[in-house]
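What follows is a short report on a single structure.
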Amino acid sequence: MANSTPSQRDRVSCVEVRIEAVYAPRPEVDMDARHSPSFQMRSEAEALNRRGRPQAFQWPFTHARLQSSTAISATLLLLREGQASIEMTLSSLALGSGAWLLRIGEVEAHEVALRLPSLPLVCDHRDNRLRLSAGQSELHFDLASLAMRLCRAERTLLASPGEEISVGGSAQAHGFFAHEGGYGLSVGLHHGERLYGGGEQFGFLDRRGSCLQLLNRDALGVGADAAYHNLPYFWSNRSFGMALLSPGPSVFDLQSRHDVVSWYGSGRGFLFLLQPAASPAAAVADFRRAIQTVGSVPEWSHELWLSRCYYPDAREVDAVLAEAHSVGIDKGVVNLDARAWMRADTRTDFVWDEARFPPAQEYIPSLRARGFEVCLWENPYVSSKAEIYAEGVTRGFFAKDDRGAAYPLVWVPQGLEGFPQPPVAGLVDFTFPEARAWWKDFHRPYIRAGVRCFKTDFGEEIPPDARFHDGSSGWQLRNVYADLYNQCVAEVLREECGDEGIVWARSGWFHAASTPVKWAGDSQTSYRALRATLRAGLNQAVAGALFWSHDIGGFYGAQPDAELFLRWAQLGLWSSHARFHGTGVREPWRFGAELWSRLSPSIVARRKARPYFLHSYRWCVHEATSFLRPLWMVCPEEPACVDIDDQFFAGPDVLVAPFLDAEGGRTLYLPEGEWIDAAEGGGRLRGGRFLHLERRLATPVFVRADSPWQGCLIAAS
């Protein structure tokens, strides 16, 4: 079985070919003939005559007619010259001041459901012109050219690309189109328009000029275009959000060639949301509430998290906790990671390794008695060497291959340094209710012993050719699987311990705010990775998780030096949750007395600021907003904030400007209003301007002057 299994690299390539087919123009001649001199001469001549290659092989719908209309929807028949037609249904939802839902093609399993009533629709159809009005916005169509405009308060927010998007008479983008993988749409960009979102992307905040493949991957770091958590929701600074709610992976080409953005869906349907809103914060909050119940976090989760990949035995864990107590850290969370509590070759089988740890029913309560809650690692892959593997195969609890056998999953790339190749595994099928219940039951004994958190690792590299119980393919579930996995574990925690349990998730899709803590994956130990990690947290604030964290010090690579570790820790201590974690030593006191003397005041400050953090946790849930937010989201009217990616708001009232390089000071922007420099004794500063700060030990932290928490925060800092 193992010898016939494609490598992880082969699987990733398969996925890339599948999604990049969206962009591959069909060959016009026999590929073997391309090497002939006559073909090369002819190709050069054709290239001169056809300078404008149509964008990404879009097959446009050229016109439409109104098929029907009701009090809540209208249906257009999209037409293409010489081709069959397809229906597009338009409706308006009570989302904020009114949003629009566009459906092309079929209803698909696992598409995102909006739990909202429809708004009454007014349809005005005259002379090939169609105007749909609902709430405070309107959709306008020219049916002869299939051009669309979205308007609010008589202002055009977006419009289909026009005739000016052409080269030599060849249109470069089309408003509505089909392509090899499904359906799509394009809209033109305005001068100065910026687009934010896409999930936990490690690149810059304004996504213009990029082409995002929105499919989850085991990114193996933070330095490439791959992301653990992709989310096809974006916000435009022209005051609207847009989201592709269909389940399959997608491509979002954001002005990579001209002032146009194009969505490419994959599948038999295309469900698209247009969401006019007064502010990005309001839009994101309304959207989150419409698709999920926003999850809260327990108070104990505010404490420091101590972790390593991995603690080899109870002796090491006990030593770490004894040292923590000796330096004044008398409570927190300890995470038993990947190869700690289970045997490496039988993961994930939920069998406690009593050769290295006392029995779980004794050891977990003993850790809690010492002041530390317990988090246990898992992934949704069951080793073929585990005893429960045979049961999973017999009962059909794993995804299957095209022969109906359990799909032979290879989940660690071959040759990855420091990570030995595990046996082939079964991929748990969370679309099968019985498999879901089976998986939940494995958690119950540990929760009843006192475990309050499971670290739900992996769940990204779903093989595209796998088959699931509900008929879905791995391609269709590539992103959805993360939600199914995390929600399954969150459910059993709620069933067993109510609001006192949480999931600590790596992968995600639309429902990350319901689980509700997420971390940024496996960052390298470098300043570039530190900056990329912060950008990921800021990007995912656009409709992603409310509570987000990262591995303080970086996950893998060379052991971080004292200065990098200090600056990463200072950033982490102002994140909603602070976890020291990596492949090497990450306990802060083990970096030596000098580093500990420099860092411990920041740890004390977080402890003293606990009332503010707990208030912020409740505020985030009430407002359906992320704890860590970019400046552009909080201050959308201030032009200086549009692309700041090295500062953030921590909760409602604190602005943090960490040092993110090895040396030197930094420039920061204080938004409008009056601020208190908490780290420098409470001096008041006028906002609406840039400041330059010389390098200093403490992280620059500023508190709103009218904050009821200023006393607590100044005392803490």
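Residues: numbered from 1 along the sequence shown. In this text the structure is predicted, and so the values were computed from the model without any measurement.
- Here the side chains of Gln476 and Arg268 are not in contact, with every heavy-atom distance at 4.5 Å or above.
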Could you go through Trp100 and Ser137, starting from their C-alpha distance and side-chain angles, then the distance that decides it, and tell me whether this counts as side chain to side chain donor-acceptor pair (under 3.5 Å)?
CA-CA 9 Å; Trp100 294 92; Ser137 63; 2.8 Å; yes

Worked check of side chain to side chain donor-acceptor pair (under 3.5 Å) between His174 and Ser186
CA-CA 6 Å; His174 304 279; Ser186 302; over 6 Å; no

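- Here His63 contributes atom NE2 and Leu78 contributes atom CG; the two are 10.0 Å apart, rounded to the nearest 0.5 Å.
- Between Gln275 atom CD and Leu150 atom CG the span is 11.0 Å, to the nearest 0.5 Å.
- Within a 6.0 Å radius of NE2 in His622, other residues, nucleotides and ligands contribute 12 heavy atoms or fewer.
- Between the Asn479 side chain and the Asn216 main chain, a donor and an acceptor come within less than 3.5 Å of each other.
- The aromatic rings of Trp504 and His577 lie perpendicular to each other, with more than 60° between the two planes, well past the 30° mark.
- Formation of a donor-acceptor pair under 3.5 Å by the Arg288 side chain with backbone atoms of Ala624 is found in this model.
- Counting non-hydrogen atoms of other residues, nucleotides and ligands closer than 6.0 Å to CZ of Arg126 gives a total of 12 or fewer.
- Within 6.0 Å of CG in Asp225 there are 12 or fewer heavy atoms belonging to other residues, nucleotides or ligands.
- Around atom CZ of Arg65, no more than 12 heavy atoms belonging to other residues, nucleotides or ligands sit under 6.0 Å away.
- Taking CG of Leu130 as the reference point, atom CE of Met148 lies at 12.0 Å (rounded to 0.5 Å).
- Arg494 and Asp499 are not joined by a salt bridge, as no carboxylate oxygen comes within less than 4.0 angstrom of a charged side-chain nitrogen.
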Applying side-chain contact (heavy atoms from CB on, under 4.5 Å), run through Phe141 and Leu66 and close with a yes or a no.
CA-CA 10 Å; Phe141 286 89; Leu66 180 63; over 6 Å; no

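- Considering Asn237, Asp643, Asp206 as possible partners of Arg194, the one that fulfils the side chain to side chain donor-acceptor pair (under 3.5 Å) test is Asp206.
- Looking at Leu244 and Leu271, their side chains never come closer than 4.5 Å, going by heavy atoms from C-beta outward.
- For Asp286 (side chain) and Leu95 (main-chain N/O), no donor-acceptor pair under 3.5 Å exists by modelled atom type.
- At distances below 3.5 Å, not a single donor-acceptor pair connects side-chain atoms of Ser549 with backbone N or O atoms of Trp519.
- Looking only at side-chain heavy atoms (C-beta outward), Leu254 and Phe234 come within less than 4.5 Å of each other.
- Under the 4.0 Å criterion applied to side-chain N and carboxylate O atoms, Arg208 and Glu193 are not assigned as salt-bridge partners.
- The number of heavy atoms from other shown groups lying within 6.0 Å of CZ (Arg289) is above 12.
- The ring of Phe547 has its center no closer than 6.0 angstrom to the ring center of His302.
- Between the side chain of Arg149 and the backbone N or O of Ala159, no donor-acceptor pair lies under 3.5 Å.
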Steps toward side chain to side chain donor-acceptor pair (under 3.5 Å) verdict (Ser523, His550)
CA-CA 8 Å; Ser523 53; His550 44 93; over 6 Å; no

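- A donor-acceptor contact closer than 3.5 angstrom is absent between the side chains of Ser91 and Ser73.
- Remark: Leu668 CG to Phe659 CZ distance equals 8.5 Å, nearest 0.5 Å.
- Distance alone, capped at 3.5 Å, places no donor-acceptor pair between the Glu111 side chain and the Leu245 backbone.
- Exactly one residue among Trp709, Phe627, Trp619 makes a ring-ring contact (aromatic ring centres under 6.0 Å, His included) with Phe613. That residue is Phe627.
- A donor-acceptor pair under 3.5 Å is absent between the side-chain atoms of Arg689 and the main chain of Tyr669, judged by distance alone.
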Please evaluate residues Trp548 and Phe648 with respect to the criterion ring pair (Phe, Tyr, Trp, His ring centres under 6.0 Å), reporting the C-alpha separation (whole Å), side-chain torsions for both, the decisive distance (0.1 Å), and the verdict.
CA-CA 13 Å; Trp548 175 89; Phe648 60 93; 8.7 Å; no

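- Here the side chain of Ser92 pairs a donor or acceptor atom with the backbone of Ala99 at under 3.5 angstrom.
- Relative ring orientation between Trp263 and Phe272 is described as perpendicular, the plane-to-plane angle rising above 60° on a 0-90° scale split at 30° and 60°.
- Taking Glu87 as the reference, Gln67 meet the side chain to side chain donor-acceptor pair (under 3.5 Å) condition, with sequence neighbours excluded.
- The one candidate from His229, Glu200, Gln540 that meets the side chain to side chain donor-acceptor pair (under 3.5 Å) condition with Lys518 is Glu200.
- Between the side chain of Gln201 and the main chain of Gly198, a donor-acceptor pair closer than 3.5 Å is present.
- Sparse packing is recorded around CZ of Arg131, with 12 or fewer heavy atoms of other residues, nucleotides or ligands lying under 6.0 Å away.
- Counting only distance, with no hydrogens or angles, the side chain of Gln292 and the backbone of Ser514 share a donor-acceptor pair below 3.5 Å.
- Taking the six-membered ring for Trp, Phe176 and Tyr183 have ring centres at least 6.0 Å apart.
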